[in-house]
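Okay, so here's the structure we're looking at.
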Amino acid sequence: MRRASGIALAAILLILPGPALAAALEGEAEQQQTNWIAIGMFALFVALTLWITRRAAQRTKTASDFYTAGGGISGFQNGLAMAGDYMSAASFLGISAQIFTDGYDGLIYSTGFLVGWPIILFLMAEKLRNLGRYTFADVASYRFAQPPVRSFAAISTLLVVAFYLIAQMVGAGQLIKLLFGLPYSYAVIIVGVLMMLYVLFGGMRATTWVQIIKAIMLLAGATFIAVMVLARFGFSPEALFAKAVEVKTGLAAAKGATPADAAVQGRSIMGPGNFIKDPISAISFGMALMFGTAGLPHILMRFFTVPNAREARKSVLWATTWIGYFYLLTFIIGFGAIVLVATDTSYLDPSGGLRGGGNMAAIHLAHAIGGDAFLGFISAVAFATILAVVAGLTLSGASAVSHDLYATVFRKGEVSSKDELRVSRVTTLVLGGVAVLLGIAFEKQNVAFMVSLAFALAASGNFPVLILSLLWKGCTGRGAMIGGLLGLATAFILTVLSPAIWVNVLHLEAAPFPYTSPAIISVPVGFFAIWLFSVLDRSPRAAVDKAGYREQRIRSETGIGAYRAAEH
Amino acid sequence: MDEDMLARIEADPRYHRLTKARTRLAWLLTAIMLGAFFSFTALVAFNKELLAAPIGAGVTSLGIPIGFGLILLAILLTAIYVRQANGAFDRLTQEIIAGAEA
């Protein structure tokens, strides 16, 4: 049974040596029952997406096809794909797990993840579409000398992508380890290979469809869990919350708390508590999430897949609607897990923690609600989620190297579409390999923390550069590059000095920077440095940069001269 | 875009009406969103008790409708902007482009 399933899985994926896999399964046999439904559904998803990739590959001939699916995606489709790109494993597994542990704190996290979207729409969406072609660097460097701003954008994109990717890889490893009893490293390799196949052959077209299918599966699955949880409580959230408080009170009492203490601990899930300890951290973290969303390169890239500004705006409305709806569901799912998972010893390890690791609350809940069949479906969904996000990230990272660095900086734009495509494919392979290695190296890191670092970088580098280059005439290329780099560096250094790395990773004492997120310092540093170095910039090029604002402004407002969808 | 076209658009009062109205709406909605979110964050930071306070006799706390309300507000504000921008603003943009190309 075990051996057969191992071989079946290897056959599906065509990459794993059968005997090694079977041997690896041997060790964990007692803990993990092979779930054929999960394997079947996962195989179905992989088969479907590979078929789409094959079809997309036939239509991926130019750089425009590869980066933007030819610009022919509709606003509704793109909104779903954006949601699919954004609702990561950290959102689904991490936030539901956080609600499972701390209750209300997870909702704070969710709102932070959502509120960046309206800001993208109000300040950036139509301007991005009207000015850009393939990457956000097209927009940020529109009226500037290309090499400095492009180089900044490429560095920043690669950093954000790297941290985000590690988080997804770690999530994938944990998930598949639990599901199939596969070693962590095998799971990471499976994800790495599949994402490379999608991006390498199908480019943006395949990536978009993987994201759309995943978004529909995830929304449907999460809706089902939430409805089933609520149905058990007569569709009364109050009854669900009351039961969750009762369960948490009971758990605290079982750990030896006095009845009064236990009651306080039980109640604590209904209000903000342990996650954010001090006011500065709360505000700083909120800034990182909100402005970081508006600076994520793989999200910004999606604005170039639609034909015009009108569809770009619709994309954001759909994305915001789906993501907001999803976070409402996640809240119910987290509380459902408190009630149905925390009390059931079959989901717990001997020490009382969740079997398979802290992020597995939603997965166990799926089993509690719908048995093996639904566990299989949700596992396949979670896996699909990871694949869709990593594909988008990889595509974004590859574009930064091939379009921003290679085609624009090194070749000064004098490059054939074929050459550019070749470089993006080589980069995809390299990025995939690096992601797998880093995923394995960072096995023990907290998923949500890695994502928050990516957001802090995007908020402190990309966001100030985009806002000021779009909205401030006086911004110069030199100012944008230096300021953007200083924003990034500040965010990075302060994160290293914060408890998350200083204490938890480096095992040093008392972190020099005591707050959860660097954004409250690093975002203003980014804006201020861009302003300062623009004002100080007296070079001849600075005059050209400022003179270019007039045309940029009119094009960004009217869309005259914007890139049109490629003809097919 | 050539210089003639730029000059024609800049001379068009409709262009200035468009950018002024759209910019004002965009910043107004941004201010509402930022204000709502950071007010919420400030509550989390400075007045946890308020958010944790139960509504009536049940366990559901005040923080839950506030948090859910913030999510719905984000959706509502984007809907308002898209309705306005894809409707009246886009019609005005089409007129401006037609005028500039004529």
Side-chain angles (χ1 to χ4, degrees), chain A residues 75 104-105 107-108 110-112 114-115 117-119 121-123 125-126 237-239 241-242 244-246 266-268 270-273 276 278-283 285-287 290 309-310 313-314 316-317 319-321 323-325 327-328 331 471 550-551 553-555 557-561, chain B residues 1 5-6 9-10 15 18-19 22-23 25-30 32-34 36-38 40-55 58-64 66-68 70-79 81-83 85-86 89-90 93 96-97 100-101:
Chain A
Y104 191 78
D105 281 348
L107 187 61
I108 304 168
S110 305
T111 55
L114 184 68
V115 290
W117 284 93
I119 304 299
L121 174 67
F122 305 150
L123 301 183
E126 59 206 37
E238 165 68 24
F241 298 150
V245 169
E246 190 191 314
R267 273 286 313 172
S268 73
M270 297 311 296
I276 290 183
D278 62 287
I280 310 265
S281 285
I283 290 160
F285 192 63
M287 286 174 72
M290 185 170 204
R310 188 185 173 77
R313 293 185 205 108
K314 278 197 216 161
V316 187
L317 176 56
T320 311
T321 305
I323 296 167
Y325 170 66
Y327 285 141
L328 296 180
F331 195 69
L471 304 177
R550 181 172 168 235
E551 197 263 347
R553 171 103 204 271
I554 290 177
R555 173 162 160 178
E557 295 283 0
T558 61
I560 296 173
Chain B
M1 243 182 288
M5 187 110 154
L6 289 178
I9 290 173
E10 276 175 337
Y15 171 72
L18 169 75
T19 54
R22 192 159 60 193
T23 308
L25 179 68
W27 282 108
L28 174 72
L29 296 175
T30 302
I32 295 174
M33 193 72 254
L34 285 173
F37 178 62
F38 284 108
F40 176 65
T41 312
L43 278 183
V44 170
F46 296 109
N47 199 346
K48 290 184 170 53
E49 294 73 24
L50 179 76
L51 291 174
I55 304 171
V59 303
T60 305
S61 60
L62 197 57
I64 286 175
I66 292 178
F68 278 35
L70 194 59
I71 290 176
L72 296 178
L73 179 71
I75 298 172
L76 181 74
L77 294 182
T78 39
Y81 184 84
V82 171
R83 189 188 151 86
N86 281 5
F89 292 160
D90 260 7
T93 310
I96 294 163
I97 294 173
E101 282 169 346

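In this text the structure is predicted, and so the values were computed from the model without any measurement. Letters A, B, ... mirror the listed sequences (proteins, then strands); counts begin at 1.
- Only the side chain of Ile119(A) comes within contact range of chain B, with heavy atoms under 4.5 Å apart.
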Checking side chain to side chain contact (heavy atoms under 4.5 Å, CB included) for the pair Tyr15(B)/Ile554(A): CA distance, chi angles, key distance, verdict? CA-CA 9 Å; Tyr15(B) 171 72; Ile554(A) 290 177; 3.5 Å; yes
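- With a threshold of 4.5 angstrom between heavy atoms, Ile9(B) approaches chain A through side-chain atoms but not through N, CA, C or O.
- Proximity to chain A (any heavy atom under 4.5 Å) is shown, for Leu6(B), by both the backbone and the side chain.
- Comparing Ala42(B), Pro54(B), Ala100(B) by how many heavy-atom pairs each has under 4.5 Å with chain A, the most go to Pro54(B).
- In this structure, chain B has no heavy atom under 4.5 Å from any part of Ile323(A).
- For the pair Leu50(B) and Leu43(B), the minimum side-chain heavy-atom distance is below 4.5 Å.
- Put simply, the residue from Arg555(A), Lys314(A), Arg313(A) that forms a salt bridge (Lys or Arg N to Asp or Glu O under 4.0 Å) with Glu126(A) is Arg313(A).
- The side-chain heavy atoms of Leu25(B) and Phe89(B), taken from C-beta on, include a pair separated by under 4.5 Å.
- Proximity to chain B (any heavy atom under 4.5 Å) is shown, for Met287(A), by both the backbone and the side chain.
- Residue Asp90(B) touches chain A through its side chain alone, counting heavy-atom pairs closer than 4.5 Å.
- Of the listed residues Met5(B), Glu101(B), Met33(B), Glu49(B), the one with more heavy-atom pairs under 4.5 angstrom with chain A than any other is Met33(B).
- Interface check for chain A: of the options Thr19(B), Leu70(B), Thr93(B), the most heavy-atom pairs under 4.5 Å are formed by Thr19(B).
- Highest contact tally toward chain A, considering only Leu51(B), Leu73(B), Ile64(B), Thr41(B), is held by Ile64(B) [criterion: heavy-atom pairs under 4.5 Å].
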Please evaluate residues Phe285(A) and Ile108(A) with respect to the criterion side chain to side chain contact (heavy atoms under 4.5 Å, CB included), reporting the C-alpha separation (whole Å), side-chain torsions for both, the decisive distance (0.1 Å), and the verdict. CA-CA 10 Å; Phe285(A) 192 63; Ile108(A) 304 168; over 6 Å; no
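- For the pair Leu107(A) and Phe68(B), the minimum side-chain heavy-atom distance is below 4.5 Å.
- Options Thr111(A), Thr321(A), Leu114(A) differ in how many heavy-atom pairs under 4.5 Å they form with chain B, and the most are formed by Thr111(A).
- Of the listed residues (Val245(A), Val316(A), Leu328(A)), the one with the most heavy-atom contacts under 4.5 Å to chain B is Leu328(A).
- Heavy atoms closer than 4.5 Å to chain A are found in both the backbone and the side chain of Leu34(B).
- Partners of Arg550(A) under the salt bridge (charged side-chain N to carboxylate O under 4.0 Å, His left out) rule, at least two apart in sequence or in another chain, are Glu3(B), Glu10(B).
- For Arg267(A), there are no salt bridge (charged side-chain N to carboxylate O under 4.0 Å, His left out) partners two or more places apart in sequence or in a different chain.
- With a threshold of 4.5 angstrom between heavy atoms, Phe241(A) approaches chain B through its backbone and through its side chain.
- Comparing Leu77(B), Ile97(B), Ile96(B), Ile71(B) by how many heavy-atom pairs each has under 4.5 Å with chain A, the most go to Ile71(B).
- With a 4.5 Å cut-off on side-chain heavy atoms, Ile55(B) and Ser61(B) do not count as touching.
- Across every non-hydrogen atom of Tyr104(A) and Gly67(B), the tightest pair is OH-N, 4.1 Å.
- Heavy-atom pairs under 4.5 Å with chain B were tallied for Ala309(A), Ala244(A), Ala242(A), Ser110(A); the largest tally goes to Ala242(A).
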